[in-house]
There are 2 protein chains.
Amino acid sequence: MVVYAGQGDPRRSIELLWRASVAEKRPGPKPGLSVDAIVDAAIEVADEQGMAFSMRAVGERLGRTAMALYTYVPGKNELVDLMYDRAMAELPASYPLDDGWRPAVTRWAHDMWEFYSRHPWMLQVSQARPVLGPHEFAVTEALAAILVTTGLPGRELRGIVGAVNYFVRGAAQTVSEARAAGGATGEGDEEWWYARSAVLLEIEPDLEKKFPMLHVLESDREPVDPELPYLENDAVKNFRSGLKVLLDGVEAAVAKS
Amino acid sequence: MVVYAGQGDPRRSIELLWRASVAEKRPGPKPGLSVDAIVDAAIEVADEQGMAFSMRAVGERLGRTAMALYTYVPGKNELVDLMYDRAMAELPASYPLDDGWRPAVTRWAHDMWEFYSRHPWMLQVSQARPVLGPHEFAVTEALAAILVTTGLPGRELRGIVGAVNYFVRGAAQTVSEARAAGGATGEGDEEWWYARSAVLLEIEPDLEKKFPMLHVLESDREPVDPELPYLENDAVKNFRSGLKVLLDGVEAAVAKS
DNA sequence: TGCGACTCCTTACAACGTAAAGTAACCTTG
DNA sequence: CAAGGTTACTTTACGTTGTAAGGAGTCGCA
């Protein structure tokens with residue numbers, strides 16, 4: 001399920017994201033938890049169980065009930081926003097530009113790729129509206145700082161930033177969700193593919209004739225790295241070659257300007 | 001929530017997708033429903049209510065209970081697979097190549113874009129593993145048929161097909177989920193942005209100094225088309241300029257080969 | 001005519017997010 | 001120092017979800 005960001009009270013959400021709460025002396029028992037503790041616990045749970053984690057599970061990990069979380073966080077949606085932004089703090093704030101923008105963007109993309117495989121649930125948070133948290137800003141700032149050195153105008157840069165983002169996210173989805181789905185059903189990628197395609201070929205024997213261009217696409221395949229699972233092999237190679245094409249496009253834009 | 005494809009019995013799923021059931025004479029009451037009727041109804045419901053539609057809602061639309069659907073379809077996951085593939089039947093199977101591959105790919109991308117805005121729930125079906133249905137194949141076949149005419153080898157084409165796909169999907173997500181979220185909360189994009197960014201600037205006044213490159217990115221903005229909502233304006237322009245860069249990259253690859 | 005396969009319904013259950021209300025701890029004020 | 005208000009956290013409960021289980025009625029075939 002895709003979780004939509006930011007549906008609650010805007011002020012409360014933004015204040016939580018930027019930790020703008022004033023820690024004044026208050027009556028009542030000492031808080032045994034904190035927003036940070038809850039968000040960290042939730043990220044751990046989500047890393048293990050995926051986006052379909054439950055408030056009860058997060059509470060349990062902290063030795064509390066699910067309802068205890070509602071003292072600190074308005075609801076699950078807001079918690080997801082906080083998790084999303086918090087996780088992004090893992091990423092570098094800037095990249096060296098000694099060799100120009102292209103290696104830097106490549107590094108950025110690879111970091112994002114690995115980041116998404118560490119936190120697959122991130123890919124299920126809706127990208128429709130930005131969470132508007134400090135670390136999400138920082139990640140995009142890092143990419144923008146690289147691309148600004150191309151000298152391209154903002155108009156073009158916005159499209160490029162978007163394209164790079166979409167590409168990385170999409171490519172990461174293909175791999176990390178494949179892994180997650182395999183984990184969920186207990187079967188690896190190979191088994192999944194094998195079972196599926198065997199039945200498919202049995203039911204539709206002249207598949208290759210019906211979709212000849214897909215067959216052409218499958219040609220020219222390099223030997224498979226036995227270290228990696230099947231789908232991952234493909235995905236990694238397609239990621240590299242896709243990114244190359246995309247950056248060639250950027251280079252063309254730079255050359256023209 | 002992201003719905004993972006293909007977790008059930010592979011044979012049953014594939015047979016349903018390719019409608020490979022043999023319609024033999026069978027005892028028992030005449031079926032009042034059909035897989036097609038259920039899938040169509042489910043698509044209608046999902047178009048209106050989003051991916052979080054319920055089996056009960058689909059049943060109700062057909063004048064049945066939720067459990068009646070389970071006679072035709074193994075579960076909700078499989079139904080989503082069927083919806084996914086069925087919806088893709090709306091898309092063209094081929095594109096004219098009179099003006100070369102570039103206008104054709106552009107058409108393909110725009111068709112996908114519009115398709116996704118018609119069926120926003122499509123973007124929430126996990127892309128990790130292909131559904132392996134006939135229409136999903138046909139859509140990719142159409143794109144492959146265009147790109148094959150570039151003469152590039154399969155190795156490079158796979159990366160390009162992936163990149164174009166990811167890009168279109170990502171760009172469409174930004175818009176159509178924004179619309180969906182607006183519909184869900186009842187507030188439009190403008191209100192959302194306004195409330196959010198007002199609070200943000202109040203809490204963090206020197207945002208521009210903290211993220212100077214993002215500020216550069218926002219510069220050079222063209223006048224807004226008053227016909228379209230705020231976010232959509234941006235998204236459409238970024239879509240066009242991002243696609244342009246991507247296709248420039250393809251052109252560079254073609255020129256080099 | 002009856003058997004068995006079939007469609008569809010009712011009922012039921014476990015899991016979910018979270019509303020409501022209660023209990024106990026603690027600071028502030030009289 | 002006691003009273004009162006505020007807070008942290010729990011228990012209980014509700015509505016919604018996907019779907020398992022079992023039963024009622026319908027039809028083809030022996």
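Heavy atoms only: backbone and side chains are in, while hydrogens, waters and symmetry mates are out. In what follows, every chain begins at residue 1, and chains take the letters A, B, ... in the order their sequences are listed.
Across the protein-nucleic acid pair, A:L69 atom CG and D:dC9 atom P stand 10 Å apart, rounded to whole Å. Here the P atom of nucleotide D:dT16 and the CD atom of B:Q49 are 13 Å apart, to the nearest Å. Protein atom OH of B:Y72 is 18 Å distant from nucleotide atom P of D:dT19, rounded to whole Å. Atom CE in B:M55 sits about 13 Å away from atom C1' in D:dA20, given to the nearest Å. If you take CD of A:E60 and C1' of C:dC16, they are 14 Å apart, rounded to a whole angstrom. In this entry the distance linking CD1 of A:I38 with C1' of D:dC9 reads 11 Å, nearest Å.
Minimum atom distance to the side chain of A:R56 is reached by D:dA13, of the listed D:dA13, D:dG5, D:dG18. Of the candidates C:dC8, D:dT26, C:dA20, the closest approach to any side-chain atom of A:M67 belongs to C:dA20. Which of C:dC8, D:dG18, C:dG17 sits closest to the side chain of A:K76 comes down to C:dG17. Closest to the side chain of A:P31, out of C:dT18, D:dG28, D:dA8, is D:dA8.
In this structure, B:R64 reaches the C:dC8 phosphate: one of its side-chain N or O atoms is under 4.0 Å from OP1 or OP2. One finds a side-chain N or O of A:T65 lying less than 4.0 angstrom from the OP1 or OP2 phosphate oxygen of D:dT10. Contact annotation: A:R26 side-chain N/O to D:dA8 OP1/OP2 distance is under 4.0 Å. Close to C:dC8, at under 4.0 Å from its OP1 or OP2, lies no side-chain N or O of B:Y70.
Mapping B:G28 and B:P74 onto DNA chain D via the closest heavy atom, the residue that lands nearer the 5' end is B:P74.
Nucleic acid contact class of B:A68 (heavy atoms, under 4.0 Å, all strands): sugar-phosphate only. Using a 4.0 Å heavy-atom distance criterion, A:S54 is classed as a sugar-phosphate-only contact. Across all strands, B:T71 comes closer than 4.0 Å to base atoms (heavy-atom distances).
None of A:T65, A:T71, A:L69 except one satisfies the side-chain contact (heavy atoms from CB on, under 4.5 Å) rule with A:M67; the exception is A:T65.
Remark: side-chain polar atoms of B:E141 are paired, donor with acceptor, to backbone N or O of A:L214 under 3.5 angstrom.
Salt bridge A:R86/A:D40: present, at least one basic N to carboxylate O contact under 4.0 Å.
Dense packing is recorded around CD of B:E90, with more than 12 heavy atoms of other residues, nucleotides or ligands lying under 6.0 Å away.
Among residues two or more places apart in sequence or in another chain, the salt bridge (Lys or Arg N to Asp or Glu O under 4.0 Å) test is passed with B:E204 by B:K210.
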